[in-house]
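Counting convention: from 1, in listed order, for ligands and their atoms alike. Excluded from the calculations below are hydrogen atoms, water molecules and symmetry mates; all remaining heavy atoms, backbone and side chain alike, are included. Counting begins at 1 with the first residue of the sequence.
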Amino acid sequence: MARTTVPDLQRLKAENHKIVMITAYDATMARLVDAAGVDMVLVGDSLGMVVQGREDTLGVTLEDVAYHGRCVARGLKRAHLTLDMPFMSFQVSAQEALRNAGRLVQEGCAQSVKLEGGERSAEAIRAIVEAGIPVVGHVGLTPQSVHALGGFRVQGRSQEAAERIVRDAHAVEESGAFCIVLEAVPEDVAARITEELAIPTIGIGAGVACDGQVLVCYDLLGFDLSFQPRFVKRYAEMESAVVEAVRAYAAEVRSGAFPTADHAFQRHQAPAVLKRVY
Ligand code: KIV
């Protein structure tokens, strides 16, 4: 089965199909979300929080993203793989941004890279695109600027702030990005950007008008039931499912109910296949 390409994704917008993006950070989750038929998988720098347990994304390195990119790529058959450019991998200069985007392709199996910022990232986006690496932009709430923004907050509430985000989105498109993530912006701002841009918009906390949607896999699967932001819809409650399952396992190991003879190997039986297949 062929992997989804940039022209495939552009065709989805042209044919009025919504683009489905989800994050994943390992081969097992990648295999499952790919089997569910998503269009794009993002190895987001959100891995700093949901995998590494940090408070924000700022400590994530290029090596971290490349490592998780390789893991995820092994689980994918069809979905397009986008890797996030982490903090300080693209801000210093366009040359450094290009070199690091190239590393994510060569070392992380990226089919495209995502980077935060509008006008301020335009030069970096242009350099990467000119080298033949597709770029996904990201404006609105840009978590790598958490300290400047004063926290993880909805952006573009005032008219002036909204106009700035619209300008940023245009700068991303004019620099050659093939699609753009709009994070935590009011619905009317996202609708205006979606209307004005030719490239697909992928929303997260950006309302219903976007051309697609992205969510962190653990959020929509309910791995942390204490995290309930308005923009997340939970399709499962994995936190309680996992805790209950592991509690049952622990109880059975302690009581001697597991393992039984059914789970043991006998010398006279045919050789068992123990290999996992991704
Ligand atoms: O890092 C990430 O997972 C992201 C998405 C939430 C868009 O940037």
Side-chain angles (χ1 to χ4, degrees), residues 9 18-26 29-30 33 38-62 64-69 71-72 79-91 100-101 104 108 110 112-118 121 125 134-146 149 151-156 165 168-169 172 177-185 190 193-194 199-207 210-221 223-224 227-234:
L9 295 166
K18 295 271 188 186
I19 297 173
V20 181
M21 186 193 238
I22 189 170
T23 69
Y25 313 95
D26 63 61
M29 188 66 82
V33 302
V38 301
D39 302 303
M40 300 177 79
V41 172
L42 170 69
V43 176
D45 62 358
S46 50
L47 74 86
M49 292 183 278
V50 296
V51 176
Q52 297 174 336
R54 300 175 189 268
E55 283 191 357
D56 54 45
T57 60
L58 301 178
V60 175
T61 65
L62 197 80
D64 292 335
V65 177
Y67 168 76
H68 288 279
C71 297
V72 167
H80 178 94
L81 178 57
T82 303
L83 264 52
D84 232 348
M85 297 199 66
F87 182 57
M88 293 315 289
S89 70
F90 63 92
Q91 288 91 343
N100 287 328
L104 291 184
S112 62
V113 298
K114 175 170 88 55
L115 57 103
E116 294 183 6
S121 301
I125 296 173
V135 171
V136 178
H138 183 159
V139 302
L141 171 58
T142 48
Q144 291 173 18
S145 307
V146 60
L149 299 176
F152 297 101
R153 300 166 193 278
V154 176
Q155 301 297 304
I165 293 172
D168 277 336
V172 165
F178 77 95
C179 81
I180 184 168
V181 169
L182 308 179
E183 178 165 356
V185 296
I193 293 171
T194 303
I199 60 174
T201 57
I202 313 274
I204 173 164
C210 294
D211 300 305
Q213 178 70 37
V214 57
L215 282 178
V216 168
C217 61
Y218 295 130
D219 293 347
L220 76 96
L221 293 173
F223 271 88
D224 179 357
F227 183 60
Q228 291 188 314
R230 187 179 174 85
F231 63 86
V232 172
K233 179 170 178 185
R234 207 180 273 149

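In terms of modelled atom types and a separation under 3.5 Å, the side chain of Asp219 and the main chain of Val232 share no donor-acceptor contact. A distance-only check finds no donor-acceptor pair linking the side chain of Lys114 to the backbone of Val43 [under 3.5 Å].
Note that CG of Leu115 and OG1 of Thr142 are 11.0 Å apart. Values are rounded to the nearest 0.5 Å. Summarising the geometry, atom CG belonging to Leu215 is positioned 12.0 Å from atom CZ belonging to Arg234; distances are rounded to the nearest 0.5 Å.
Not a single heavy atom of Met21 sits less than 4.0 Å from an atom of ligand 1.
Close approach to Gly44 involves these atoms of ligand 1, each under 4.0 Å from a residue heavy atom: 1 (O), 2 (C), 3 (O). Below 4.0 Å from some heavy atom of His138 lie the following atoms of ligand 1, by number and element: 8 (O). Within ligand 1, counting atoms from 1 as listed, the ones closer than 4.0 Å to a heavy atom of Thr23 are 3 (O).
In Asp45, the parts holding a heavy atom less than 4.0 Å from any atom of ligand 1 are both the side chain and the backbone. When heavy-atom distances to ligand 1 are checked against a 4.0 Å cut-off, Ile204 comes that close only through its side chain, counted from C-beta outward.
If you check which protein heavy atom lies closest to atom 3 (O) of ligand 1, you get Ser46 OG, 2.5 Å. Among all non-hydrogen protein atoms, the one lying nearest atom 5 (C) of ligand 1 is Leu42 CD2, 3.7 Å. In terms of protein heavy-atom proximity, atom 8 (O) of ligand 1 is nearest to Lys114 NZ, 3.0 Å.
Here the side chains of Pro200 and Leu9 are not in contact, with every heavy-atom distance at 4.5 Å or above.
When only interatomic distances are considered, the shortest N/O to N/O separation between Asp84 and ligand 1 falls below 3.5 Å.
Ring pair His80/Phe178 is perpendicular by interplanar angle, where above 60° counts as perpendicular and below 30° as parallel.
With 3.5 Å as the limit, one finds no donor-acceptor pair spanning the side chains of Ser46 and Tyr218.
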